Protein chains: 2
Amino acid sequence: MAGGAGDPPPGPLDSVLRPVRAGNGFEEALEQVLQLLRLGLVPPGERLPSERELSQHLRISRVTLREVLKVLQDQNMVESRRGRYGGTFVLPRTAAPDGSGELRRRIAAVDVEDTLRFREVLEAGAAGLCAEGLAADGEDRLRGALDATQGARLEDYRRQDTLLHLTLAELSGSRTLAAQYAAVRATLNELLDGIPLLVRNLEHSQQQHTAVVEAVLDRDPDAAREMMREHCGGTAALLRGFLA
Amino acid sequence: MAGGAGDPPPGPLDSVLRPVRAGNGFEEALEQVLQLLRLGLVPPGERLPSERELSQHLRISRVTLREVLKVLQDQNMVESRRGRYGGTFVLPRTAAPDGSGELRRRIAAVDVEDTLRFREVLEAGAAGLCAEGLAADGEDRLRGALDATQGARLEDYRRQDTLLHLTLAELSGSRTLAAQYAAVRATLNELLDGIPLLVRNLEHSQQQHTAVVEAVLDRDPDAAREMMREHCGGTAALLRGFLA
DNA sequence: AAGCAATGGTTCTCTGTCATACCTTATGCC
DNA sequence: GGCATAAGGTATGACAGAGAACCATTGCTT
C-alpha cells in the first residue's frame with residue numbers, strides 16, 4: 001500500500017463502500033490470528049495450528065502467514081519451536097505489551113459506542129434464536145460452557161466467559177452471526193483488558209449467565225433476550241464509566 | 001489464487017478462521033458494487049461515482065475496478081459514457097439476467113436460513129437502539145423514509161423499502177451494524193427477486209412499517225423490537241415457503 | 001470557435017503475495 | 001543408534017494488483 005492520496009470524503013454510500021481488504025492484506029490475517037488469541041480459543045501454553053494448516057484456513061500463503069507470526073513473536077505473544085511436536089505456542093499475557101509496536105496502533109481507533117451497541121444486538125439476538133429452537137446436543141454444549149465458567153479461576157474467567165457467549169452465538173443457527181460476534185468480542189476483550197476485573201461484578205455476571213441459559217433451556221425467547229440485554233448493559237456501563 | 005490443495009477440514013476454530021479475502025480479491029469489489037445496485041442506493045438511470053472515486057473508496061486500483069465494471073457492462077447492468085458529465089450509469093433491470101454469466105454463480109450458494117436469522121437480529125436490534133435514543137434530525141430522516149415508501153409505485157417499492165430499513169440501521173448508532181445490514185439486505189433482495197411481489201403482502205408490510213416507526217418515535221424499544229421481529233417474520237415465512 | 005475540465009480508456013512499471021520445493025531441527029519408534 | 005516424521009526456516013520464479021502517467025472523448029463556458 002504505497003503513498004496514494006488520503007481518504008476520500010465520506011458520503012451517503014459509506015455503509016456499502018467500505019474498503020475491500022482493509023489494509024495490507026496481511027494485516028487482515030494479523031487481525032484474525034489476534035482474534036484467536038484475544039478470544040482465548042487457543043489458551044496460553046497451547047499450540048496454534050501448524051503454519052501449513054493456518055495458512056490454508058486463512059487462504060494466504062505460508063510466507064505471508066509467517067510474517068504475521070513474526071510480528072507476534074516480536075511482541076512476545078507467541079513462541080515458535082522447531083522439530084517434530086514443535087509449533088507456535090501462545091505465551092501468557094505480559095503486563096505491558098509494548099507501547100509502540102506494530103500492534104497497539106489499532107487500539108484507540110476503536111469506536112467504543114459502536115462496539116457496545118453492536119455487541120448487545122448480536123448477543124440478544126443469539127440468545128433469542130437459541131431459545132426459539134436448540135438441538136439436543138446444543139443444550140449439552142451450552143450447559144457445559146456454563147459449568148466451565150462456574151468453576152473458572154479468576155485469571156481464566158475472561159476466557160471461559162468468552163467461550164460461553166461464543167457458544168451461544170454458534171448455536172444461533174447463523175454462521176454469519178457467529179463470525180461477527182467473534183470479531184466484536186475480540187474487540188471487546190481488548191477494551192476489557194484496560195479496566196480492572198471486580199469480583200463483585202463477576203458474581204453478578206454469573207447470576208445473569210445462569211438466568212440466560214435457563215431462559216434458553218426453557219424456550220423463553222423474550223426472557224432470554226431481556227436477560228442478555230441486561231447482562232450486556234452491565235458491561236457497557238462499566239466500560240463507559242472507565243473510558244469516559 | 002492458483003490451484004492449491006482443497007479446503008482444509010472444518011474445526012472448532014472456524015468462527016474466527018474464515019478466509020482472508022474471499023475469492024479473487026476483485027470478486028470482493030464486485031460484491032460491493034453489486035450491493036450498491038441491489039440496494040438501490042444508485043437507482044436505474046443514475047450515475048455511479050466516477051471510477052477514480054469508487055476505486056479510492058474501495059481501496060482498489062482503478063484498473064481492477066474497471067474489470068469489475070466490465071463484468072457489469074457485459075451483464076447489461078450498467079453503461080459507460082465518456083466525456084465530461086459522462087460516467088457509468090445504472091440500467092433498468094432486465095427480465096432475464098443471463099443464466100450462465102460471471103455472476104449468477106454465487107446465487108444458490110446463499111445460506112437462506114443464515115440470512116433470514118441474521119437479518120431479523122440486526123433489524124430488531126436496530127429498531128430497539130433507535131427507540132432508545134434518536135437525534136432530532138434522525139426523526140426527520142426516519143419520517144421522510146417512511147413517507148417515501150407510502151408514495152412509492154409498485155416497481156419502486158422494493159427500493160424504498162430497502163432505504164427505509166437502511167435508514168433505521170444507520171440511525172442505530174453503530175456503523176458496524178449499518179454495514180452488516182447493508183450486506184445482508186443485499187443478499188435478501190437477491191432472494192426476493194426470485195419470488196412474486198404480492199400486493200396483499202405489501203399492504204401488510206406498510207402497516208408494519210408504520211407501527212415500527214411509531215414505536216421508535218414513541219421511544220418504546222420493546223414495542224419497536226417486537227413489531228420489527230413480526231415484520232421480518234412475515235418476509236421470512238414468505239421466502240421459506242417459496243424456496244422450500 | 002476555442003479552451004477547459006471531468007470523465008472513461010490505455011499502458012507502463014514495481015511491489016506484494018502466492019505456490020513450490022527444499023533445508024534444518026527435534027522427537028518418537030524400531 | 002538410526003530412521004521416519006512433523007514441524008519451523010529459507011529460497012525462487014511467476015503473477016496479480018497497485019500506482020501513476022498519459023490518451024481520447026465529451027459538453028459546458030467563454
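None of the values given here were measured: they were computed from a predicted structure.
One atom, NZ of A/K70, and another, C1' of C/dT17, lie 18 Å apart when rounded to the nearest Å. Put simply, CG on B/L65 is 13 Å from C1' on C/dG9, counting in whole angstrom units. Between the CD atom of B/E53 and the P atom of C/dT7 there is a distance of 7 Å, given to the nearest Å. Computed from coordinates, the B/E67 CD to D/dC15 C1' distance equals 13 Å when rounded to whole Å. One atom, CD of B/E51, and another, P of D/dG19, lie 16 Å apart when rounded to the nearest Å. As rounded to whole Å, 11 Å separates atom P of C/dT7 from atom CG of B/L54. One can place CZ of A/F89 at 10 Å from P of D/dA7, the figure rounded to the nearest angstrom. Rounded to an integer number of Å, the gap from B/Q56 CD to D/dA18 P is 13 Å.
Residues passing the side-chain contact (heavy atoms from CB on, under 4.5 Å) test with A/E139 are A/L134, A/R143, A/L217, A/R219, sequence neighbours excluded. Here B/T187 pairs with nothing under the side chain to side chain donor-acceptor pair (under 3.5 Å) rule; sequence neighbours left out. In this structure A/R141 satisfies the salt bridge (Lys or Arg N to Asp or Glu O under 4.0 Å) test together with A/E170, sequence neighbours excluded. For B/D147, the side-chain contact (heavy atoms from CB on, under 4.5 Å) test picks out no residue, with sequence neighbours left out.
In this model, the phosphate group of C/dG8 is approached by a side-chain N or O of B/T88 to a distance below 4.0 Å at OP1 or OP2.
Across all strands, B/R62 comes closer than 4.0 Å to base atoms (heavy-atom distances).
Sorted by first and then second residue, the ring pair (Phe, Tyr, Trp, His ring centres under 6.0 Å) pairs involving residues 139-180 of chain B (not counting sequence neighbours) are B/H165-B/H209, B/H165-B/H231.
For B/R52 against C/dG8, a side-chain N or O and a base N or O form a donor-acceptor pair under 3.5 Å.
Side-chain contact annotation: A/R185 with A/T162, donor-acceptor N/O pair under 3.5 Å present.
When each of D/dG17, C/dG9, D/dG8 is scored by its nearest atom to the side-chain atoms of B/S80, the top-ranked nucleotide is C/dG9. Proximity note for A/R66 (side chain, C-beta onward) versus D/dT10, C/dG8, D/dG17: the nearest is D/dT10. Which of D/dA18, C/dT7, D/dG17 sits closest to the side chain of B/I60 comes down to D/dA18.
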Polar atom pairs between nucleotides 25-29 of chain D and protein, under 3.5 Å, N or O only, would you list them?
from: D/dT25; atom 1: O4'; to: B/R82; atom 2: NH2; distance (Å): 3.4
from: D/dT25; atom 1: O2; to: B/G83; atom 2: N; distance (Å): 3.2
from: D/dT26; atom 1: O2; to: B/R84; atom 2: N; distance (Å): 2.7

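Nucleotides of DNA chain D nearest to A/R81 and A/V63 differ in position, and the one nearer the 5' end is that of A/R81. Along DNA chain C, the nucleotide nearest to B/G86 and the one nearest to A/T64 differ in position, and the one closer to the 5' end is contacted by B/G86.
No salt bridge links A/D114 with A/R119; every basic N to acidic carboxylate O contact stays at or beyond 4.0 Å.
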